[in-house]
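So the structure is just underneath, and the comments pick up after that.
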Amino acid sequence: MAATTESVKADAAEAPLLNKRNLIAGFMLYFVFYVWVRWYEGVYGWSAGLDSFAPEFETYWMNFLYIELVLEVVISAGLWGWIWKTRDRKVMSITPREELRRHFTHWTWLVMYGWAIYWGASYFTEQDGTWHQTIVRDTDFTPSHIIEFYLSYPIYIITGVSAFLYAKTRLPTYNEGLHLMYMVSVIGPFMILPNVGLNEWGHTFWFMEELFVAPLHYGFVFFGWAALAIMGVVNTEVMAITKLLKKDLA
Amino acid sequence: MSASQSAVRSRAEAVAVSRAFDWMILFTLFTAVLGGYHIHYMLTGGDWDFWSDWKDRRLWVTVAPIVSITFPAAVQAMLWYRYRLPIGATVCILALLLGEWINRYLNFWGWTYFPVNFCFPSNLMPGAIVLDVILMLGSSMTLTAVVGGLAWGLLFYPGNWPIIAPLHVPVEYNGMMFTLADLQGYHYVRTGTPEYIRMVEKGTLRTFGKDVAPVSAFFSGFVSVIIYFLWHFFGKWFNKTNFIQDDES
């Protein structure tokens, strides 16, 4: 009887398998932040973002760029460093329940990664197309680029690398080596950011916003394909989770 | 860890855990595919998809199906061959259309004020349903590529016809005859689209008159067959679960 009571107490005190609060908070963090960003674009894109030589452009857009770049470097260094520093050095000896809990935490990261990819690769990238069809750009750092290339892309890179590092440092599944498709799904979309260099280099020679399908943009396309590698990650996860649950679901 | 230990306390908990993972996996797969597919499509066929005056009888009909059959083929290679889910193409198109519609409303219209009846996305859903149904009934990659790929190209124009037809009505404007869609293009000035780019119907194919769209659709279907094969194998590659050993790197 006493042992049973102890067990129930232990269960009640135990952390939940899926921390729903973290999942919802993470989802809302990006959602609320990007709604605010879209509001900022709507107001200051038109009022201060049309002429890069104007003083208000410096105030509202270049300062936005400087602040976001500093924050991204600080946050990525801090977050990745923390995940690595607090890694589990005895990852192969955790209990199945703890492993399941960590898979849920890992999937919270992956949900955040997918959500961040949506905002970066879909929402802000196509938005850039209509901005270019509306104003004549006189700088590489046009308002839509300050948001798309230098904010939304770094955010999904930071999220993707964090998910990868979490899996690598805390889950026995990924202790075998480097998961090829996981690397493709993180490094491929990351390569879109360096490809901005090619894009901007090209646009300083040729004004061709009239064609979003211009070959200069194909680098983005090639690296965008890498998002499909999430299928390999899903397959590996399904196998790992099935192994943990199979006995109880049979 | 002990092999005899269980990760869950009951069958009910196991079921709940399994369902929770299903939703998280579906959300991640949906948004990741949405992002990858959307950036691919907007940069390979986007201009034809953005503007009604680009939705002509020749290049739109040719380009859009060819570049859009890619991700559906790859995702089918996962969802059908691994999980027997005949929804790969439909999921891709749902994701793409969701991303596009959100953008056209909130950004094309909401930020830069192009009316939605000038910048609505193409409809790819009929081809996606047919592609999934053929795979489900035939369970054959070759059949899906040949019959489904051809259908993908052939169904594109009829699938969009109810939407685009009112904009292809001829009008006379300043002594010139063109379509309502062209007229929209003249009135809603796009700084990045000079007039020579907007003359999308060029070349001798136009001399075929009413046959332009079917000829283009057949050509598009033919190329879609080839692209399906290619992307099916891309999809298989992306499905890999292997590891690179640390000492190999």
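We name chains A, B, ... by the order of the sequence lines, and we start the count at 1 in each one.
Contacts of A:T108 with chain B are made by both backbone and side-chain atoms, with heavy-atom separations under 4.5 Å. Using a 4.5 Å cut-off between heavy atoms, A:W119 does not touch chain B at all. Interface residue B:L106: backbone and side-chain heavy atoms are both found under 4.5 Å from chain A. Heavy atoms of A:L110 lying under 4.5 Å from chain B belong to its backbone as well as its side chain. Residue contact with chain B, scored on non-hydrogen atoms closer than 4.5 Å, involves the side chain of A:V238 exclusively. Both the backbone and the side chain of A:L180 have a heavy atom closer than 4.5 Å to some heavy atom of chain B. Contacts between A:L18 and chain B at a heavy-atom distance below 4.5 Å involve the side chain alone, from C-beta outward. For chain A, no part of B:W23 is nearby; none of its heavy atoms comes within less than 4.5 Å. With a 4.5 angstrom heavy-atom cutoff, A:M183 touches chain B only via side-chain atoms. Residue contact with chain B, scored on non-hydrogen atoms closer than 4.5 Å, is absent for A:E237. In this structure, no portion of A:Y113 lies under 4.5 Å from any heavy atom of chain B. Using a 4.5 Å cut-off between heavy atoms, A:A226 contacts chain B through its backbone alone, with no side-chain atom that close. Both the backbone and the side chain of A:V234 come within less than 4.5 Å of a heavy atom in chain B. Using a 4.5 Å cut-off between heavy atoms, A:R38 contacts chain B through its side chain alone, with no backbone atom that close.
For the pair A:T173/A:H103, a side-chain contact is recorded, criterion being any heavy-atom separation below 4.5 Å from C-beta on. Contact annotation: the side chain of B:Y228 never approaches that of B:P72 to less than 4.5 Å [non-hydrogen atoms, C-beta and beyond]. With a 4.5 Å cut-off on side-chain heavy atoms, B:E100 and B:H38 count as touching.
Using a 4.0 Å cut-off between a side-chain N of Lys or Arg and a carboxylate O of Asp or Glu, B:R190 and B:D53 qualify as a salt bridge.
Chain B forms the most heavy-atom pairs under 4.5 Å with one residue out of A:Y218, A:W131, A:Y174, and that residue is A:W131. The choice from B:L29, B:V8, B:V63 that makes the most heavy-atom pairs within less than 4.5 Å of chain A is B:V8. Of the residues considered (A:I230, A:I241, A:V233, A:I117), A:I241 shows the highest number of contacts with chain B, using heavy-atom pairs under 4.5 Å. Comparing A:T134, A:L228, A:L100 by how many heavy-atom pairs each has under 4.5 Å with chain B, the most go to A:L228.
Checked against a 6.0 Å centroid threshold, the rings of A:H203 and A:H217 count as neighbours. Checked against the 6.0 Å centroid criterion, the rings of B:W51 and B:F108 qualify as a close aromatic pair. You'll find the ring centres of A:Y156 and A:Y153 inside the 6.0 Å limit.
Each of B:I66, B:L131, B:I227 was checked for a side chain to side chain contact (heavy atoms under 4.5 Å, CB included) with B:W152, and the lone residue meeting it is B:L131.
Judged by the 6.0 Å and 45° rule, B:R104 forms no cation-pi pair with B:W109.
B:Y41 is linked by a ring-ring contact (aromatic ring centres under 6.0 Å, His included) to nothing, counting only residues two or more places apart in sequence or in another chain.
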